[in-house]
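The structure under discussion appears below in the form of structure tokens.
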Amino acid sequence: MHNFSFSRPARRPAWFAVRGQIGRREYWMLALVGLVVPLLLWWSLSASGLVTKVFMPGPADVWNRAVLWFREDDLLGDIGISVYRVVAAWGLSALIAIPLGLAIGTYRPVQALLEPLTDFIRYMPAVAFIPLVMLWIGITEGSKIAIIWIGTFFQMVLMVAEDVRRVPMAQIETAQTMGARRSEIVSLVLLPAAKPAILDTLRVTMGWAWTYLVVAELVAANSGLGYAILRAQRFLQTDKIFAGIIIIGLIGLLLDQLFRALHRKAFPWLYLR
Amino acid sequence: MALSAVRAPKIQLRQVRKVFDAHEQGMVALQNVDLDVSANEFVTLVGASGCGKSTLLRIIGGLEYATRGDVLIDGHGVLGPGSDRAMVFQHYSLYPWLRVMENIKFSRRLQANRGELTSSEVEAASGRADALLNVMGLSNAADKYPNQLSGGMQQRVAIARALLPRPQVLLMDEPFGALDAQTREVMHDLILHVFKLERATIVFVTHDVEEAIYLGQRVVLMAPRPGRIDTIYRVPLPAQRHQDMKHAPEFLALKREILQRIRETSGMKTDLELLEKLSHSVSISSLRTQG
Ligand SMILES: Nc1ncnc2c1ncn2[C@@H]1O[C@H](COP(=O)(O)OP(=O)(O)OP(=O)(O)O)[C@@H](O)[C@H]1O
Ligand SMILES: [Mg+2]
């Protein structure tokens with residue numbers, strides 16, 4: 001009897017095998033549980049009446065407020081302007097950070113010249129730049145973009161440089177022994193080799209750009225999700241704060257999934273096997 | 001005179017010295033290295049870890065420069081890496097975003113990039129790429145990506161890619177070091193076959209003495225601290241090698257001799273003595289109870 005149970009081949013690996021695999025269905029089931037359980041907890045807490053609505057509105061309140069926001073307060077406009085600010089700042093960062101990071105990760109003198117400086121600046125709190133940005137740029141659309149840019153750009157440069165440095169030396173030296181010139185090594189080896197990692201860096205920094213949105217919209221904005229959240233605080237509209245936060249989270253989730261899909265589409269060789 | 005010019009060695013190393021100057025002190029990786037490798041010769045380098053085998057190979061390849069001394073290919077000084085000397089590394093050298101065929105044709109792509117190739121040359125190159133694919137037993141893998149291949153197949157792609165531009169010198173740094181014993185045996189006969197076909201000059205670094213004897217016409221034994229050439233053995237086997245020769249008495253005798261010498265030069269012997277002493281002294285457990 002015991003012998004049988006020991007000699008039977010394992011039919012499926014244990015769920016908690018280290019770096020183990022689970023099926024697609026199991027994955028989505030668990031993901032759903034992970035999302036639904038907190039929602040239920042939230043709902044039961046607010047329905048129990050233990051906490052007043054001002055502190056913790058229920059899911060229904062938040063939903064109703066979101067609908068109201070959509071109908072009467074131009075929710076789509078707020079979303080649009082916020083997405084624009086984030087994407088503009090992030091895109092501007094990427095436009096400069098990718099070539100700069102490529103140069104830092106490729107050429108040691110450029111690294112020596114720029115990396116310590118970048119490292120130094122990235123530890124400066126972006127929020128503390130608000131007064132300076134207001135002074136230099138004024139209360140324009142540009143100032144909001146500038147603050148998000150300060151929060152993402154310096155991190156992005158360092159991450160792209162690291163992505164480029166991670167390209168195995170053997171790949172570079174193989175090209176050298178085939179007579180590749182410097183520019184060819186950059187364009188035919190370093191860039192294609194680092195591309196998947198750079199796209200991941202873009203995805204992660206997009207998330208960070210969103211975290212700077214509320215801060216940026218502190219700066220005398222009169223539109224946007226962050227602005228709406230801040231104004232809701234003034235009027236003690238806790239349900240609107242909840243709605244704003246959740247909408248930002250959903251946009252982030254959507255963008256993240258888009259990036260992942262793009263990654264799979266652009267770099268199919270990484271997903272073979 | 002003409003004759004001596006023909007016989008001039010393909011690779012000449014003259015009093016090569018290499019110092020890695022970390023923290024000013026200077027680490028002498030190679031000292032007084034003299035070596036001649038003739039055209040169409042297969043030379044293997046063995047020696048304890050850290051004796052400078054890779055460094056020497058990389059100096060010939062132009063990926064590292066010699067602190068002092070001369071490195072000559074066909075009598076001309078090496079100024080840097082070049083397409084006359086191909087290099088095969090142990091791993092991570094394939095381009096994972098390119099299919100097998102694209103990897104193999106990478107050198108042609110570089111040339112095409114500069115407009116150095118006429119269309120007929122491009123055609124000839126793709127014919128050669130097909131031939132190499134066949135020789136390497138990769139015909140079914142042409143459209144695969146490197147990470148779909150086994151380690152042995154990946155190294156075959158790396159070798160085919162290195163061979164495509166018909167390099168005169170092929171430099172290999174433990175190319176089979178990560179492969180299992182059976183795959184390695186197959187690769188040995190494959191590389192010997194390629195050596196015969198391509199008439200290249202091969203310098204091959206390995207940890208495996210058996211591999212070094214089986215492949216090499218000469219085995220160069222290097223010693224560490226400072227890295228130098230210790231002994232050069234001529235392998236007493238016919239040019240046409242066969243797996244059975246690994247059991248021949250002269251093969252085994254040479255293997256024993258080289259292994260013995262590696263042990264002597266590497267300082268491993270003292271470690272063995274230390275182990276011996278330990279096992280003769282009081283057992284560890286009794287030491288612990290005394291303490
Ligand atoms: N780039 C470098 N900077 C500093 N020291 C180095 C460098 N490359 C190699 N060395 C040192 O030079 C010595 C020789 O190294 P090398 O890699 O040539 O040895 P090896 O014989 O190939 O060893 P192994 O068999 O382990 O591959 C070692 O002591 C190593 O630490
Ligand atoms: Mg080595």
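In the text below, chain A, chain B and the rest are named by the order of the sequence lines, each starting its count at 1. Excluded from the calculations below are hydrogen atoms, water molecules and symmetry mates; all remaining heavy atoms, backbone and side chain alike, are included.
- Neither the backbone nor the side chain of B/Leu98 comes within contact range of chain A, judged by heavy atoms closer than 4.5 Å.
- Heavy-atom contacts from other residues, nucleotides or ligands closer than 6.0 Å to OH of A/Tyr123 number 12 or fewer.
- In this structure, chain A has heavy atoms under 4.5 Å from both the backbone and the side chain of B/Tyr92.
- A donor-acceptor pair under 3.5 Å is absent between the side-chain atoms of B/Tyr145 and the main chain of A/Leu272, judged by distance alone.
- Interface remark: of the candidates A/Thr177, A/Val167, A/Ile172, A/Thr177 forms the most heavy-atom pairs closer than 4.5 Å to chain B.
- For B/Pro96, the parts lying near chain A are the backbone and the side chain together; criterion is any non-hydrogen pair under 4.5 Å.
- Proximity to chain B (any heavy atom under 4.5 Å) is restricted, for A/Glu184, to the side chain, taken from C-beta onward.
- The choice from A/Met169, A/Met178, A/Gln171 that makes the most heavy-atom pairs within less than 4.5 Å of chain B is A/Gln171.
- In terms of heavy-atom pairs under 4.5 Å with chain A, the best-connected choice from B/Arg58, B/Arg99, B/Gln111 is B/Arg58.
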Using distance only, find each side-chain donor-acceptor pair of residues 67-80 of chain B under 3.5 Å and give its atom names and separation, not counting sequence neighbours.
from    : atom 1 : to      : atom 2 : distance (Å)
B/Thr67 : OG1    : B/Val19 : N      : 2.8
B/Asp74 : OD1    : B/Lys10 : NZ     : 3.2
B/Asp74 : OD2    : B/Lys10 : NZ     : 2.9

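- Chain A forms the most heavy-atom pairs under 4.5 Å with one residue out of B/Arg109, B/Met87, B/Gln148, and that residue is B/Gln148.
- Looking only at side-chain heavy atoms (C-beta outward), B/Ser93 and A/Glu173 stay at 4.5 Å or farther from each other.
- Using a 4.5 Å heavy-atom cutoff, the side chains of A/Leu188 and B/Phe106 are in contact.
- Of all the listed residues (A/Pro168, A/Ala175, A/Pro192, A/Gly179), the one sharing the greatest number of non-hydrogen pairs under 4.5 Å with chain B is A/Pro192.
- Atom CD1 of residue A/Ile185 and atom CG of residue B/Leu110 lie 8.5 Å apart, to the nearest 0.5 angstrom.
- B/Trp97 and A/Val189 get closest at one heavy-atom pair: CH2-O, 3.6 Å.
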Throw together a table of side-chain donor-acceptor distances under 3.5 angstrom for residues 94-105 of chain A, partners on residues two or more places apart or in other chains.
none

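- For B/Tyr65, the OH atom is loosely surrounded, since the number of other residues' heavy atoms within 6.0 Å does not exceed 12.
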